[in-house]
Structures are given as C-alpha cells and as structure tokens.
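Below, read A as the first sequence line, B as the second, and so on, with proteins coming before strands; counting in each chain starts at 1.
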Number of protein chains: 2
Amino acid sequence: MISRYRFQAGTVGPWRIDRISAVRGAGLPAAARLAILPEPDSPPDGGAWALHGVISNLRYATGDEVAGLRAVQPGLGRAEARAAALIPIRKTQAWWDLPQDARRAIFEETSHHTRTGMEYLPQVARRLLHSRDLGEPFDFLTWFEFHPAHEAEFDALLVRMRATAEWDYVEGEVDIRLRLD
Amino acid sequence: MISRYRFQAGTVGPWRIDRISAVRGAGLPAAARLAILPEPDSPPDGGAWALHGVISNLRYATGDEVAGLRAVQPGLGRAEARAAALIPIRKTQAWWDLPQDARRAIFEETSHHTRTGMEYLPQVARRLLHSRDLGEPFDFLTWFEFHPAHEAEFDALLVRMRATAEWDYVEGEVDIRLRLD
C-alpha cells in the first residue's frame with residue numbers, strides 16, 4: 001500500500017545533476033547522476049548520498065482542493081518534461097508542535113500553498129514524498145518535472161513560496177536541478 | 001526528533017501478555033511477554049512478533065482539543081497503572097484516499113473520537129504511535145495504561161469507539177491486554 005522510494009545520487013541513473021544549492025541549512029555533497037529506485041527491491045544504498053520517502057496520504061488538502069488539483073495537474077514522465085528539480089525540505093520543531101488547524105491555516109489560508117502551486121500547473125508535474133516519520137534528515141522530498149523552457153516560471157514559483165509565512169518554519173532546504181540527457 | 005519504538009513480543013519484557021484478541025482481520029501469534037524498546041539502539045527483532053511505530057505530529061487535533069487533552073491526560077508510567085492494552089489498527093484504503101477535511105469530519109465531528117476519549121481521562125493514559133509510513137502491517141499502535149480496577153471502563157470506551165462511523169473504515173484491529181507482574 002505504502003510506496004517507498006530512494007533518491008540515489010552517485011554515478012548512475014537517468015538524471016544528470018546540474019546543480020545542488022543549499023537554500024537553508026546544510027547542503028548535500030556533489031554528485032553526477034540521480035536514480036529513483038523503488039524500495040525494498042533495489043540494491044543497497046551507495047554512492048554520494050541517498051534520501052528516502054514514501055507516497056502517503058494527503059495531510060492538508062480539502063476535497064475541493066483535491067478536485068481542483070486533479071483537474072489540471074499533469075502526470076510524471078511526460079516526454080517533453082526533460083528538466084526536473086528535487087527539493088528536500090525540513091521544517092522546525094515549532095511547526096511540528098502546532099496542532100493540525102494551526103498548520104493548515106498557515107499552509108493554505110495564510111500562505112496559499114496549494115492555490116499558488118495551481119497557477120503553475122499544468123506546466124509543472126509534481127510528486128510529494130514524506131520522510132519525517134522514517135527518521136530521515138528531511139521531512140519531505142518534492143520532485144518536479146517540466147519542459148526546460150518552463151524553468152524560469154518554476155523559479156518564480158519558488159520565490160513566491162519562500163516568501164510565505166509557511167517558510168518561516170523551514171529550517172532546511174536544498175534545491176537540486178536535473179536534466180534527462 | 002522522531003522517536004521510533006518496537007513492541008517486541010516473545011519471552012522477555014516487563015509486561016505479561018494475558019490475551020490477544022483479533023477484533024477485525026487477522027490476529028497476532030500468542031506470546032508470553034512484551035518489551036517496548038527504543039530503536040535503533042535495541043537488539044535485532046526476534047521472538048514471536050514485533051510491531052514498530054513512531055511518535056509523530058498530531059494529525060487531526062485542533063488547538064482547543066490539544067489544550068483540553070493536556071489538561072486532563074495523565075502521563076505513562078504511573079505506579080498504579082499496572083494494566084495495559086496495545087491496540088494495533090489498520091484503516092481501509094478508502095479512508096486514506098479521503099482528503100484531510102473529510103477524514104477530520106468523520107474522526108471528530110461525526111465520531112467524536114477525541115471528545116469521547118476525554119471522558120475516560122485521567123483514568124487512562126495513552127500514547128499513539130504511527131506505523132503506516134513505515135510500511136508496517138498496521139497504521140497505528142495505541143498503548144493504554146490504567147489501574148486494573150478501571151479495565152471495565154476502558155472496555156466500555158472501546159465499545160463506544162467501535163460503534164462510530166470512523167470504525168466503518170477500520171479493517172484490522174487486534175486487542176492485546178497486559179499486566180505488570
């Protein structure tokens with residue numbers, strides 16, 4: 001039921017790593033290639049670094065928001081989507097100590113996370129993986145795929161997201177850019 | 001930050017297992033004793049069975065509910081709390097596919113999970129662990145501690161919980177009763 005994946009950086013994999021930027025907190029070591037592997041059926045961890053996450057249930061989205069997202073969000077693996085970003089994020093303990101209604105209010109009513117993201121669909125396909133309960137160094141891994149011509153728009157989305165009240169609770173963020181070659 | 005624990009059933013541990021009842025779905029093998037071990041610093045899994053869970057953030061409780069719970073909920077490890085229950089639960093895929101607002105509405109506005117539970121505090125101490133994202137056979141493990149004289153009240157709480165709309169989404173439940181001896 002729960003699908004667990006490993007983002008394995010090293011010398012193999014279909015994605016070429018062009019850039020690893022530490023946005024907040026520590027970065028990640030340089031590496032040439034990235035492979036996305038289903039667990040537990042893949043070879044053991046190795047290479048430069050590995051991050052793990054699971055596809056889990058929605059944590060904040062309402063029924064209306066889910067319907068809106070499904071109407072416009074493209075799937076992963078489109079032939080033209082040869083650019084990608086992997087953005088691991090860790091939030092503060094203060095965030096996790098908030099009750100559900102307070103987190104929801106900051107996430108959407110104040111910061112418009114879903115509403116803002118939807119403006120950039122269907123150009124950007126996205127998959128959120130959860131890592132926090134696995135004891136990983138980051139709480140989430142978000143994987144984005146887009147046509148290389150849309151990278152500037154994607155950058156603009158990140159600028160808007162990072163200016164929100166939600167990002168006051170982000171203490172770790174790395175921005176990894178990749179290309180299929 | 002994330003505390004992971006193993007509930008290890010076998011021949012050792014402070015808790016004597018008196019009874020293992022399959023409430024919905026498959027049960028668990030018989031065993032004599034239970035130990036609760038912090039991970040990853042404990043010896044490897046062994047014995048009759050082991051279930052793993054993490055202490056994670058709240059998923060449904062509002063600020064008001066958290067304040068109410070904190071005001072009356074006792075801590076674990078009270079000297080008089082020599083009876084315990086471990087109740088692993090697995091919910092259906094239909095539950096996990098619901099958006100957050102629909103799950104919250106069933107959990108509290110319809111089924112009054114928190115409100116009902118609060119009626120039985122401070123007699124019953126409780127700790128919820130999350131297992132679903134770990135790929136475990138159950139989604140949650142809840143550990144309850146109480147004075148043996150309060151076991152009938154605890155049973156009454158379970159009867160009420162199992163009659164709620166929330167329990168329409170429970171497909172696996174095991175009720176394990178234990179004593180300190």
(request) Flag yes if more than 12 heavy atoms outside B:R6 fall under 6.0 Å of its CZ atom; otherwise flag no. (result) yes

(message) Hydrophobic clusters here meaning ILVMFWY residues chained together by side-chain heavy-atom distances under 4.5 Å, can you tell me if B:L158 and B:F140 are in one?
(response) yes

(message) Could you check whether atom CZ of A:R127 has more than 12 heavy atoms from other residues, nucleotides or ligands sitting under 6.0 Å from it?
(response) no

(request) Against chain A, work out which of B:L58, B:T62, B:D97 has the most heavy-atom pairs shorter than 4.5 Å and name it. (result) B:T62

(request) Indicate if A:F7 and A:I17 have the same hydrophobic cluster label, given that clusters are the connected sets of ILVMFWY residues with side-chain heavy-atom separations under 4.5 angstrom. (result) yes

(message) According to a hydrophobic-cluster definition based on side-chain heavy atoms being under 4.5 Å apart (Ile, Leu, Val, Met, Phe, Trp, Tyr only), do B:W95 and B:I87 belong together?
(response) yes

(request) Give, as side chain, backbone, both or neither, the part of B:R104 having an atom under 4.5 angstrom from any heavy atom of chain A. (result) neither

(message) Assigning hydrophobic clusters by single linkage (Ile, Leu, Val, Met, Phe, Trp, Tyr; side-chain heavy-atom cutoff under 4.5 Å), is A:F144 placed with A:I176?
(response) no

(message) According to a hydrophobic-cluster definition based on side-chain heavy atoms being under 4.5 Å apart (Ile, Leu, Val, Met, Phe, Trp, Tyr only), do A:L128 and A:L51 belong together?
(response) no

(request) With rounding to the nearest 0.5 Å, note down the distance linking CH2 in A:W96 to CD1 in B:I2. (result) 8.0 Å

(request) Please state whether the side chain, the backbone, both or neither of B:A61 comes within less than 4.5 Å of a heavy atom of chain A. (result) backbone

(request) Would you mind telling me which of B:L98, B:L134, B:N57 has the largest number of heavy-atom pairs within less than 4.5 Å of chain A? (result) B:N57

(request) May I ask you to say whether B:D133 pairs ionically with A:R59, meaning some side-chain N is under 4.0 Å from a carboxylate O? (result) yes

(request) Using heavy atoms and a sub-4.5 Å threshold, report which of residues 63-75 of chain B line up against chain A, by residue number. (result) B:G63, B:V66

